[in-house]
Amino acid sequence: MIFLDNVTKQFVTSKKYPGFIGAIKGLFTREKVIKLAVNNISMKINDGEVVGYIGGNGAGKSTTIKMMTGILTPTSGTCMVNGINPAENRIENARNIGVVFGQRTQLWWDLPLSESFSILKEIYHISSVDYESRMEYFNEVLGINEFINSSVRTLSLGQRMRADLAAALLHNPKVLYLDEPTIGLDVVVKENIRRAIKEINKKYNTTIILTTHDMEDIEELCNRIIIIDKGTVIYDGMLADLMKTYGTKCIIEIEVKEVELLQLNYNELLNISKENLSVKINKNNICFTFNKNAISVIDIISYVMKRGTIKDFKVKETELSEIVKEIYKKGMVGEVLC
Ligand SMILES: Nc1ncnc2c1ncn2[C@@H]1O[C@H](COP(=O)(O)OP(=O)(O)OP(=O)(O)O)[C@@H](O)[C@H]1O
């Protein structure tokens, strides 16, 4: 279990002055600047959960993960990972965690991949029996045997990500931190990586903390999300609840045959305010943008069908990426959309 209670991290840096004179001045003045990167956050993540930890650039995600991995010490508050204080027991904590950074590899660049795995086996004191069975499993879910004898520098980005994931999991850690695990990958490889992550979570009950800007990763992998903004947790709950509350906007575009249908006042006829339904006409298309809590897709379609012929229609629901974009811009105030 991961447990954070009122955790704060502040960085103290020296004030920088612009230009050459500024640089000289900086040498003689000791003016400090305090940056509150993480501000009093609390969370509890149970074993086996897959949690999306998201936020805009500079929100405080990496700082939080660094405290969970023991790289940084909290300025105040309690951070415990599987009963261990990571900053005080870095080595013990390292045995329980795996980390994958999409942007950089943790493997030995010039060595064949098989050698990297052999080194990790020794570092983590993995028994030969466990090593063999895990390698077999990683080949099943990640297909690593295809390139096991190639040096890491020659691997494609997709192969390298699969190798990095296997390497992070070789010692069967209880917690896996994934930082942008699908960045730069094509859609097929992304799908494979996500499927492997799901399988590994199911097989080993690994707790997974995923930080990403890719909302498809979140939708595919996480039931729960935690959103951080300016160092503060602004949402911690089920993804489905966030979608239900904030994903109320829906768009239907209906192509009709009769021109009379284009001239109706739908707000009046459907008895619905302009706030909950806006209608735009474009050639023979009527575009309804509406709040799903006020009126349903079926209501609108059946109303139009009763009065004329529908040639075609398209429905577009609000995507998670749109909701999250609005939350990053405006915070969690009121209904974000519609
Ligand atoms: N070592 C440091 N010294 C001073 N300030 C820092 C340090 N590390 C991070 N910060 C600041 O703390 C804030 C949070 O940074 P952090 O790296 O945790 O954000 P993030 O959410 O991971 O962002 P991104 O998505 O861009 O990686 C930022 O304003 C950053 O500039």
Side-chain angles (χ1 to χ4, degrees), residues 2 4-18 22-23 26-27 29-43 45 50-79 81 86-87 90 93 97-106 157 161 164 168 175-185 190 208-219 221-222 224-237 239 242 320-332:
I2 298 175
L4 266 63
D5 185 35
N6 291 316
V7 170
T8 291
K9 178 70 194 177
Q10 63 182 36
F11 294 105
V12 182
T13 50
S14 303
K15 186 163 182 181
K16 301 264 183 306
Y17 298 91
L27 294 174
T29 56
R30 295 244 172 255
E31 212 177 319
K32 299 285 176 213
V33 180
I34 293 175
K35 171 80 206 172
L36 202 52
V38 166
N39 185 8
N40 225 19
I41 63 169
S42 299
M43 63 181 78
I45 298 170
V50 185
V51 176
Y53 191 46
I54 61 171
N57 289 127
K61 302 178 295 294
S62 304
T63 305
T64 313
I65 303 294
K66 283 178 188 165
M67 288 190 280
M68 290 176 178
T69 52
I71 296 169
L72 289 173
T73 308
T75 308
S76 63
T78 308
C79 172
V81 178
R90 281 182 71 165
N93 187 55
I97 64 167
V99 186
V100 174
F101 296 104
Q103 313 263 29
R104 54 186 179 273
T105 185
Q106 301 194 79
L157 188 58
M161 268 317 299
D164 260 307
V175 181
L176 177 66
Y177 299 101
L178 297 174
D179 184 8
E180 301 276 1
T182 63
I183 196 163
L185 303 180
K190 269 188 189 187
I208 298 178
I209 316 290
L210 168 67
T211 60
T212 180
H213 293 290
D214 184 331
M215 290 306 127
E216 276 180 25
D217 281 351
I218 298 287
E219 280 176 306
L221 296 167
C222 310
R224 175 180 166 194
I225 58 169
I226 300 176
I227 307 179
I228 181 168
D229 181 42
K230 298 185 194 82
T232 306
V233 170
I234 57 167
Y235 181 82
D236 181 352
L239 180 59
L242 185 86
L320 177 64
S321 56
E322 293 172 62
I323 297 173
V324 166
K325 197 164 70 187
E326 288 293 304
I327 292 173
Y328 290 174
K329 268 201 287 194
K330 298 178 188 162
M332 299 286 295

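We count ligands from 1, going down the list as the structure has it; atoms in each ligand are counted the same way. Positions are given from 1 along the sequence.
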Which value, rounded to the nearest 0.5 Å, describes the distance between S42 atom OG and L4 atom CG? 7.5 Å
Indicate whether atom 30 (C) of ligand 1 is within a distance of less than 4.0 angstrom of some protein heavy atom.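 Neighbour list for atom 30 (C) of ligand 1 is empty of protein heavy atoms (cut-off 4.0 Å).
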Would you mind finding which of S62, G56, G58 brings a heavy atom closest to atom 13 (C) of ligand 1?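 Closest candidate by heavy-atom distance is G58.
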Would you tell me which option among K66, H213, K35 has the nearest heavy-atom contact to atom 11 (C) of ligand 1?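 Looking at heavy atoms only, the winner is K35.
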Which heavy atom of the protein is the closest neighbour of [atom], given with residue, atom name and distance?
atom                    : value
atom 5 (N) of ligand 1  : F11 CD1, 3.5 Å
atom 12 (O) of ligand 1 : A37 CB, 3.2 Å
atom 15 (O) of ligand 1 : T63 OG1, 3.8 Å
atom 25 (O) of ligand 1 : K61 NZ, 2.8 Å

Return the set of residues passing side-chain hydrogen bond (donor to acceptor under 3.5 Å, both in side chains) with D229 (not counting sequence neighbours), or none when no residue passes.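 Scan of D229 (side-chain hydrogen bond (donor to acceptor under 3.5 Å, both in side chains), adjacent residues dropped) gives none.
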Examine ligand 1 and decide if any of its atoms is less than 4.0 Å from a heavy atom belonging to G60. yes
Is it true that E326 and K329 make a salt bridge, defined as a side-chain N closer than 4.0 Å to a carboxylate O?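 Between K329 and E326 there is a salt bridge, with a charged N closer than 4.0 Å to a carboxylate O.
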Could D217 and K190 be called an ion pair, given the rule that one side-chain N must be under 4.0 Å from one carboxylate O? no
Let me know which of V100, I183, T105, T182 forms a side-chain contact (heavy atoms from CB on, under 4.5 Å) with M161. V100
Side chain to side chain donor-acceptor pair (under 3.5 Å) pairs, two or more places apart, involving residues 51-66: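 Residue pairs with at least one partner in residues 51-66: Y53-T64.
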Given side chains that start at C-beta, do those of I228 and Y235 come closer than 4.5 Å, heavy atoms only?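 Side chain of I228 against side chain of Y235, heavy atoms only: no contact under 4.5 Å found.
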May I ask you to check whether A59 has an N/O atom sitting below 3.5 Å from an N/O atom of ligand 1? yes
Should you measure from each heavy atom of N57, which atoms of ligand 1 turn up under 4.0 Å away? 23 (O), 24 (P), 25 (O), 26 (O)
